[in-house]
Amino acid sequence: MVPQSTFQEHIRKLEAITSHEEQLYTILTVYMELFPVLNAYLMRYSPLGFLCEGIISLHSTGLVHIGEIRDDVRSYPIVYSAIRERQAKYCFGLDYLKQMSSKYVMPSTINSLLVVPLCFGSIVIGYICSSEFTNQDFDDELLSSLTLYGKQVGKIMNGSMGAEDTPLLSKRELEVMRKIAWGESTKEMADSMEISEVTVKQYVKTAIKKLGAQNRSHAVGELFRRGFIS
């Protein structure tokens, strides 16, 4: 288990960072300093469609942007389990083979996976995963430390993206985004709100722009992460 004083010292280092890009990088460097891992992938998570999207990864060779990664977490039982339970999960060997989807062909050198959900309260905003380790003895105490790290990171990331960082959505824009999160179609929203489908699409477009998101699912994920919807 990571000593409490060391853990808190690294958390304070994260809290002191004001640049969002630097913060993301430091989240992974601190993670690799604290725990017996040799690589780290930082992923964004949206409950809409159970979507995961890559942000950055860190290896001994340096930092890599992984925005091309985009998938349904239900394809990875261990990731889905970690998100549902909001706890760090580790698997290796035969258990690893059972936990990974058969639709993916994984390199033969990879036979283990660690997943650390990033959350504040009951909301999961992303996760860190690793596939290479200096020590594969992940006991309950170490997994508890990893779970705590995920919660601290989620709290920091949520606090660093407050209302002052982005224009708030209008009442109608927020209503539309909530309905998207509930799974309503454009036509269903238009009918229930008594507006045209064109107007619904315009609300969605402006909400995505205000949130600095790439698409609908990314925008909904941002709203969950910032606590505007739950």
Validation row: [X], [Y] side chains within 4.5 angstrom (heavy atoms):
X	Y	value
Y76	L113	no
H218	I208	no
K209	K205	no
K151	L118	no
V30	Q152	no
V200	V198	no

Can you confirm whether [X] is buried at [atom1], in the sense that more than 12 heavy atoms of other residues, nucleotides or ligands lie under 6.0 Å from that atom?
X	atom1	answer
Y25	OH	no
K13	NZ	yes
N135	CG	yes

How long is the span from the [atom1] atom in [X] to the [atom2] atom in [Y], to the nearest 0.5 Å?
X	Y	atom1	atom2	value
K210	L174	NZ	CG	10.5 Å
L143	L148	CG	CG	12.5 Å
Q87	T147	CD	OG1	5.5 Å
I27	I55	CD1	CD1	8.5 Å
E184	M193	CD	CE	9.5 Å
Q136	F92	CD	CZ	7.0 Å

Quick check against the 3.5 Å criterion: does [X] have a side-chain atom that pairs as donor or acceptor with the backbone of [Y]?
X	Y	value
T199	I195	no
T26	L14	no
S192	E188	yes

- Between Y80 and R84, is there a cation-pi geometry (under 6.0 Å to ring centre, at most 45° from the normal)?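 Judged by the rule (NZ or CZ under 6.0 Å from the ring centre, within 45° of its axis), R84 counts as positioned above Y80.
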
Side-chain heavy atoms nearer than 4.5 Å, only ILVMFWY residues, links allowed to pass through others: does that put [X] and [Y] together?
X	Y	answer
L38	Y90	no
L63	L42	yes
L51	M177	no

Over all atoms of both residues, closest heavy-atom pair of [X] and [Y]:
X	Y	result
I83	V124	O-CG2, 3.6 Å
S130	A40	OG-CA, 3.9 Å
Q23	I17	N-CG2, 3.7 Å

- Message: Pair L211, L169 - check side-chain contact (heavy atoms from CB on, under 4.5 Å), show working.
- Response: CA-CA 8 Å; L211 291 166; L169 304 187; 4.2 Å; yes

Can you see whether [X] engages [Y] through a side-chain donor-acceptor pair at a distance of less than 3.5 angstrom?
X	Y	value
H10	E33	yes
T206	Q202	no
N39	S57	no

- Item | Derivation and outcome, side-chain contact (heavy atoms from CB on, under 4.5 Å), residues Y45 and I125 | CA-CA 5 Å; Y45 172 70; I125 61 175; over 6 Å; no

- Give the C-alpha distance, both sets of side-chain angles, the deciding distance and a yes or no for side-chain contact (heavy atoms from CB on, under 4.5 Å) between F35 and Y149. CA-CA 10 Å; F35 304 106; Y149 184 72; 3.9 Å; yes

- Task: State plainly whether the residues R178 and E173 are in salt-bridge range, i.e. N to O under 4.0 Å.
- Result: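 Salt bridge: no.
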
- Task: Go through the steps to decide whether V37 and E132 satisfy the test side-chain contact (heavy atoms from CB on, under 4.5 Å), and finish with yes or no.
- Result: CA-CA 6 Å; V37 299; E132 298 177 7; over 6 Å; no

- Would the F138 and F133 ring centres measure less than 6.0 Å apart?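 For F138 and F133, the ring centres are under 6.0 Å apart.
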
- State which residue, out of I78, V116, L114, V79, fulfils the side chain to side chain contact (heavy atoms under 4.5 Å, CB included) condition with K89. I78

